[in-house]
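What follows is a single structure, written as C-alpha cells, with notes after it.
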Amino acid sequence: MLARPGLVSFDYVRARTPGEVVQLLAEHGADARLMMGGTDLLVRIRDGAVRPRLVVDLKHLPGMRDILYQQQAGLTVGAAVTMNQLARHPAVVAHYPLLAQAANSVASYPLRNRATIGGNLCNASPCADTAPPSYVLAGRIVVHGSAGEQEVAIADFFRGPGQTVLQPGQFVTAIRFPPSPAAASGRYLKLGRNKAGDLAIVSVAVLGFPDASAPSGYRFRIALGAVAPVVLRVPAAEEWLAHHPPGAETFARAADLAAAAASPIDDVRASADYRRAMVRTLTRRGLNAVADTIAAPTGSA
Ligand SMILES: Cc1cc2nc3c(=O)[nH]c(=O)nc-3n(C[C@H](O)[C@H](O)[C@H](O)COP(=O)(O)OP(=O)(O)OC[C@H]3O[C@@H](n4cnc5c(N)ncnc54)[C@H](O)[C@@H]3O)c2cc1C
C-alpha cells in the first residue's frame with residue numbers, strides 16, 4: 001500500500017502567450033492550476049490537497065525567465081526566474097544582495113534549480129524566503145489578467161497563509177524592485193531546523209541606509225517571516241531606530257519591539273515562545289551586521 005496517494009493524472013499545457021493563459025483560466029476556472037517549478041504545486045497534488053484537471057505551465061511565457069537591471073528603473077525579475085538564477089545574477093548580487101542571500105537560503109541546490117520566485121510568492125506561505133526581502137526592498141508584483149497588467153505593492157499582495165489578492169483569471173508575470181537607497185546594506189537571517197536546507201522557523205530581513213532626514217542619520221526596514229499569517233514589517237522598531245543612534249542598546253530595544261510585534265504559533269517545527277525569542281536574537285544580529293557594513297551618513301567622519 002502506498003503511504004501517500006501518488007500523483008493523479010491531469011492534462012498539461014505549456015502556455016506560450018499571456019492571452020492563452022487568460023483563455024485557459026476562463027474556460028477551466030477552478031479546475032485549472034498554474035505551475036512554474038511545481039515544487040509546491042506537485043506536492044499538493046500528490047497529497048490530494050488540490051485535484052486539478054488541467055495544469056498550465058507558465059515558465060515559457062515571454063520574459064518570464066528574464067532578469068533586467070537599469071540604474072534608474074531598478075530590477076525586474078521574471079516570475080519564473082529560479083532561486084539559483086537569482087542568487088547568482090551579477091546585478092542582483094551587486095545591487096540587491098539581500099535578495100540573493102534569501103534565494104540562496106531556499107532548500108537545496110537541486111530544488112533551487114526548479115523553485116521560482118513567482119511560485120514562492122504566489123504560494124503565499126508565511127515562511128517563503130523571498131517574501132521578507134521583497135518587503136524591505138519595496139517590491140511590486142506585476143499581475144496579468146483579462147483587463148491587462150497592473151502592479152500591486154508586496155505589502156498588499158498577501159491576504160493570509162496560502163492566500164493572495166489574485167482574482168480568478170489573474171497571474172503573476174514579474175516582480176519589480178525600485179533602486180535600493182544609496183549606500184544601503186542588507187541581511188537575511190533564517191533559522192531552520194537544520195542547516196542542510198529547511199523551511200524557516202523564523203526569518204528576518206533587515207535593510208539599513210544613511211538618511212539625513214532621520215534624527216539618528218539612518219533608517220532601517222525590518223520584515224519578519226514565519227511568525228504571523230503574513231510577513232510583518234515592524235514600524236515601532238523602525239521608528240525607534242530612526243530616532244536613536246545606532247549601537248548595542250538601540251538595537252537591543254529594536255529587537256524587543258520586533259519580538260513584541262510577532263504573533264507566532266506553536267507547531268511541529270517550533271513553539272511560539274521559541275519563535276518569539278528567535279525573532280529577538282535574529283533581529284539584533286541582523287541590525288549589528290548591517291550596522292557593521294553600512295556607510296556613514298553624508299557629512300560625518
Ligand atoms: C523539499 C522542499 C523544500 C523546500 N524548502 C523551501 C525553503 O527552504 N524556503 C522556501 O521559501 N520554500 C521552500 N519550499 C517551497 C517551494 O520550493 C518554494 O515555495 C518555491 O519557490 C515554489 O516555487 P515553484 O516555482 O516551484 O512554484 P509552484 O509549485 O509551481 O507554484 C506554487 C503555487 O503558486 C501558484 N503559482 C505559480 N506560479 C504562479 C503565477 N505566475 N501566478 C499565479 N500563481 C502562480 C501555483 O498554482 C501554486 O499554487 C520547499 C519545497 C520542498 C518540496
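Order of appearance sets the numbers: ligands from 1, and atoms from 1 within every ligand. Bear in mind the structure is a predicted one, so any value in this text is a computation, not a measurement.
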*Is there at least one pair of N or O atoms, one from V43 and one from ligand 1, spaced under 3.5 Å apart?*
no
*Any nitrogen or oxygen of M35, main chain or side chain, under 3.5 Å from a nitrogen or oxygen of ligand 1?*
no
*Indicate, as side chain, backbone, both or neither, the part of Q170 found under 4.0 angstrom from ligand 1 when only non-hydrogen atoms are considered.*
neither
*Looking at atom 17 (O) of ligand 1, what's its closest protein heavy atom, distance included?*
T39 OG1, 2.7 Å
_Sub-4.0 Å heavy-atom approach of G38 to ligand 1_ = yes
*asked:* Working to the nearest 0.5 angstrom, can you tell me the gap between S134 OG and F177 CZ?
replied: 4.0 Å
*Write down the atom of A270, the atom of R275, and the distance for their closest heavy-atom approach.*
O-NH1, 3.1 Å
*asked:* Quiz question: by atom type and distance under 3.5 Å, do the side chains of D57 and Y12 form a donor-acceptor pair?
replied: yes
*Under 4.0 Å between a Lys/Arg side-chain N and an Asp/Glu carboxylate O for R53 and D11?*
no
*Could you check atom 31 (O) of ligand 1 against the protein and tell me its nearest heavy-atom contact, residue, atom and distance included?*
G119 CA, 4.1 Å
*Do you see a donor-acceptor pair shorter than 3.5 Å between the side chains of N104 and Y188?*
no
*Measure from atom 50 (C) of ligand 1 to every heavy atom in L111, I117, I141 and give the option owning the shortest one.*
L111
*Heavy-atom distance to atom 23 (O) of ligand 1: which of D129, T116, T130, T164 wins?*
T116
*E27, CD: over 12 other non-hydrogen atoms inside 6.0 angstrom*: yes
_Quick check on side chain to side chain contact (heavy atoms under 4.5 Å, CB included): which of T39, L199, L111 does V106 satisfy it with?_
L111
*Within the structure, does L34 bring an N/O atom to less than 3.5 angstrom of an N/O atom in ligand 1?*
yes
*asked:* Tell me the protein heavy atom at minimum distance from atom 45 (C) of ligand 1, and give that distance in Å.
replied: C122 CB, 3.5 Å
*asked:* Heavy atom to atom 40 (C) of ligand 1, shortest distance: which of L58, L41, D57 holds it?
replied: L58
